[in-house]
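We're numbering straight along the sequence, starting at 1. Order of listing sets the numbers, starting from 1, for every ligand and every atom in it.
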Amino acid sequence: MADIITIGEILIEIMAKNLGQTFEQTGEFIGPYPSGAPAIFIDQAKKAGSSTAIVSKVGNDGFGRLNVARLLQDGVDVQYIGTVADKTTGVAFVTYKENGDRDFIFTIKDSAAACITREDITEAMFDDCKYFHIMGCSAFNEEMIASLKKGINIAREKQVQISFDPNVRKELMENETIKEFLLFALTSCDIFLPGEEELKAITGIENEQEAVEAVLSQQARCVVVKRGDRGCTVYEADSSFDVKPYRTEEIDPTGAGDCFAGTFISLMNQGRSVREAVKYANASGAYAVSRKGPMEGTATLAQLDQFIKERGEQA
Ligand code: ATP
Ligand code: MG
């Protein structure tokens with residue numbers, strides 16, 4: 001049985017080789033790289049020292065085998081990953097703009113991951129589980145939303161902590177079904193890990209302090225607002241503190257938030273203090289962006305210790 005469970009898409013990523021490349025023109029791409037935000041999260045949570053499992057689906061193809069082999073190699077429990085015979089593993093294509101933005105093409109909705117159903121979530125999975133991690137990006141169809149809700153309800157019943165990373169584009173929050181689900185997740189979670197813009201969009205409150213207070217007045221006991229290369233801020237009921245970023249060269253921003261969350265929840269699960277968990281999570285996000293490939297930036301605590309030692313004091 002795993003201490004930390006997540007559910008969601010397993011993907012592979014094909015990335016543009018050159019900055020400024022677009023999908024509208026023929027160009028060179030590299031990959032496949034193991035990807036999928038929940039998969040990156042669960043790989044990182046395992047590397048940071050907790051037992052982990054992911055509920056997902058892949059196709060009977062090389063892309064699926066590549067990803068599952070990576071998770072297995074890193075020690076993630078892969079018993080809840082099903083194989084769908086007549087669907088392919090989901091693919092994310094990504095290009096990078098000069099201003100740092102990214103463009104994505106996802107095949108998730110037509111992929112094996114879209115075959116995840118609520119039947120794939122069972123009460124038994126949550127026996128001895130400590131944290132159930134959910135991500136807004138996984139709410140990509142109605143059955144996934146039903147599956148996530150089922151997981152949340154079982155977790156609440158079994159007093160499993162719920163961590164929630166919205167990880168969702170603003171436009172998706174305008175979809176009523178998704179919005180309703182995100183609000184349900186927001187009011188159900190114990191730990192909330194939004195980006196600055198996500199916090200505003202999801203709560204509908206412009207002022208960060210007020211938005212955080214609204215979240216903390218519900219179930220949540222801890223909110224960490226992620227700010228990319230400006231670090232993050234931790235909020236609890238009656239205290240808050242800023243965490244400065246580590247200096248790093250940003251090679252590939254994809255996966256920073258997932259690694260941050262994986263390390264944070266893994267250390268919380270191991271009974272570390274919020275301060276210590278966020279110190280390593282902050283290093284984990286910075287480490288992730290310094291590596292090319294979404295899951296290539298996952299790291300063990302020993303690797304993060306070394307990274308922290310090399311970077312010295314935070315910027
Ligand atoms: P994702 O693109 O994976 O969804 P996110 O938007 O959820 O990312 P970010 O805020 O980009 O999350 O990154 C998470 C954390 O990683 C930041 O709060 C910070 O601690 C660290 N981090 C990210 N980018 C950098 C950077 N360029 N330099 C230093 N630290 C970084
Ligand atoms: Mg994110």
Inset, instruction - Mark up the atoms of ligand 1 that fall under 4.0 Å of a heavy atom belonging to Asp229, in ascending order. - result: 24 (N), 25 (C), 26 (C), 27 (N), 28 (N)
Inset, instruction - Inspect the contact between Lys149 and Glu180 and indicate whether a charged nitrogen and a carboxylate oxygen are less than 4.0 angstrom apart. - result: yes
Legend entry - Heavy-atom gap Met135 to ligand 1 smaller than 4.0 Å: no
Inset, instruction - Answer yes or no: is there an ion pair linking Arg227 with Glu208, defined by an N-O contact shorter than 4.0 Å? - result: yes
Legend entry - Carboxylate-amine/guanidinium proximity below 4.0 Å for Lys292 and Asp252: no
Inset, instruction - Please confirm whether Asp165 comes within less than 3.5 Å of ligand 1 when only nitrogen or oxygen atoms on both sides are compared. - result: no
Legend entry - Phe93-Phe104 aromatic ring centre distance below 6.0 Å: no
Legend entry - Lys46 with Asp77: basic N within carboxylate O range, under 4.0 Å: no
Legend entry - Heavy-atom nearest option to atom 4 (O) of ligand 1, drawn from Asn167, Thr254, Ile40: Asn167
Inset, instruction - Under 4.0 Å from a heavy atom of Tyr246: give me the atoms of ligand 1 that qualify, with their elements. - result: 28 (N), 29 (C)
Inset, instruction - Determine, using heavy atoms of Gly231 and all atoms of ligand 1, whether some pair is separated by less than 4.0 Å. - result: yes
Legend entry - Presence of salt bridge, Lys57 and Asp120, under 4.0 angstrom: yes
Inset, instruction - Could you tell me how the ring of Phe181 sits relative to the ring of Phe184: parallel (under 30°), tilted (30 to 60°) or perpendicular (over 60°)? - result: tilted
Legend entry - Under-4.0 Å salt bridge between Glu176 and Lys179: no
Inset, instruction - Find all atoms of ligand 1 within a distance of less than 4.0 Å from any non-hydrogen atom belonging to Gly285, and give their numbers and elements. - result: 16 (O), 21 (C), 22 (N)
Legend entry - Contact (N/O only, under 3.5 Å) between Cys232 and ligand 1: no
Inset, instruction - May I ask you to list the atoms of ligand 1 that are less than 4.0 angstrom from any heavy atom of Phe260? - result: 15 (C), 20 (O)
Inset, instruction - Using a strict cut-off of 4.0 Å, indicate which atoms of ligand 1 neighbour a heavy atom of Gly255. - result: 3 (O)
Legend entry - Presence of salt bridge, Arg230 and Glu196, under 4.0 angstrom: yes
Legend entry - Location of contacts on Glu196 toward ligand 1, heavy atoms closer than 4.0 Å: neither
Legend entry - Crowding at CZ, Arg102 (>12 non-hydrogen neighbours, <6.0 Å): yes
Inset, instruction - With heavy atoms under 4.0 Å as the rule, classify the contact between Asn282 and ligand 1 as side chain, backbone, both or neither. - result: both
Inset, instruction - Decide whether an N or O pair under 3.5 Å exists between Glu250 and ligand 1. - result: yes
Legend entry - Residue Arg227 vicinity, atoms of ligand 1 by number, heavy atom under 4.0 Å: 10 (O), 18 (O)
Legend entry - Residue Val289 vicinity, atoms of ligand 1 by number, heavy atom under 4.0 Å: 24 (N), 26 (C), 27 (N)
Inset, instruction - Looking only at distances, please establish whether an N/O atom of ligand 1 is found under 3.5 Å from an N/O atom of Gly228. - result: yes
